[in-house]
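It should be emphasised that the depicted structure is a prediction, and the values quoted were computed from it without experimental measurement. Just so you know, residue 1 is the first one in the sequence shown, and it goes up from there.
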Amino acid sequence: PQHDCTRVLDAFQDVVINALANGEKVMIRGFLTFTPRTYAERNRFNPDKGVTEKAQAFKTVVCKIGKPVKEIINNTQREI
């Protein structure tokens with residue numbers, strides 16, 4: 001049933017988000033890899049004001065597609 005699927009997906013989402021928040025890499029072998037990345041504070045030029053400003057440090061997530069998915073997308077070895 002749909003409510004069971006929703007509960008499973010919500011639980012999966014919570015596990016992935018908590019792992020990434022703790023700085024852990026999440027890998028679904030052969031499909032996707034989520035890696036947390038931190039960008040340091042840096043200087044940037046604001047062309048509207050004509051001055052250099054500080055850009056705050058921030059965290060983001062990088063997603064890498066697995067090799068089997070790339071092969072299917074590029075039709076190099078397998079057909080769907």
State plainly whether one hydrophobic cluster holds both Val26 and Val15, where clusters connect Ile, Leu, Val, Met, Phe, Trp and Tyr through side-chain heavy atoms under 4.5 angstrom apart.
-> no

Asp48 backbone acceptor or donor facing Asn46 side chain under 3.5 Å = yes

Are Ile17 and Ile28 linked, directly or through other ILVMFWY residues, by side chains that come within less than 4.5 angstrom of each other?
-> no

If you draw a 6.0 Å radius around CD in Gln56, do more than 12 non-hydrogen atoms from other residues or ligands fall strictly inside?
-> no

Taking salt bridge (Lys or Arg N to Asp or Glu O under 4.0 Å) as the test, write out the residues that go with Arg44, two or more places apart.
-> Glu53

Test side-chain contact (heavy atoms from CB on, under 4.5 Å) applied to Lys54 and Glu41, step by step = CA-CA 7 Å; Lys54 280 194 174 184; Glu41 187 176 271; 3.5 Å; yes

Enter the distance from Leu9:CG to Gln2:CD here, rounded to the nearest 0.5 Å.
-> 10.0 Å

Could you walk me through whether Thr35 and Thr33 pass side-chain contact (heavy atoms from CB on, under 4.5 Å), step by step?
-> CA-CA 6 Å; Thr35 307; Thr33 302; 3.9 Å; yes

Which pairs with one or both residues in residues 4-46 pass ring-ring contact (aromatic ring centres under 6.0 Å, His included), sequence neighbours excluded?
-> Tyr39-Phe58

What is the minimum heavy-atom distance between Lys70 and Ile65, and which atoms define it?
-> CE-O, 3.4 Å

Heavy-atom closest pair, residues Pro36 and Leu20 = CD-CD2, 3.8 Å

Interatomic distance, CD@Gln13 vs CG@Asn18, rounded to 0.5 Å, equals 10.0 Å

same_hphob_cluster(Met27, Val62) at 4.5 Å side-chain heavy-atom cutoff = no

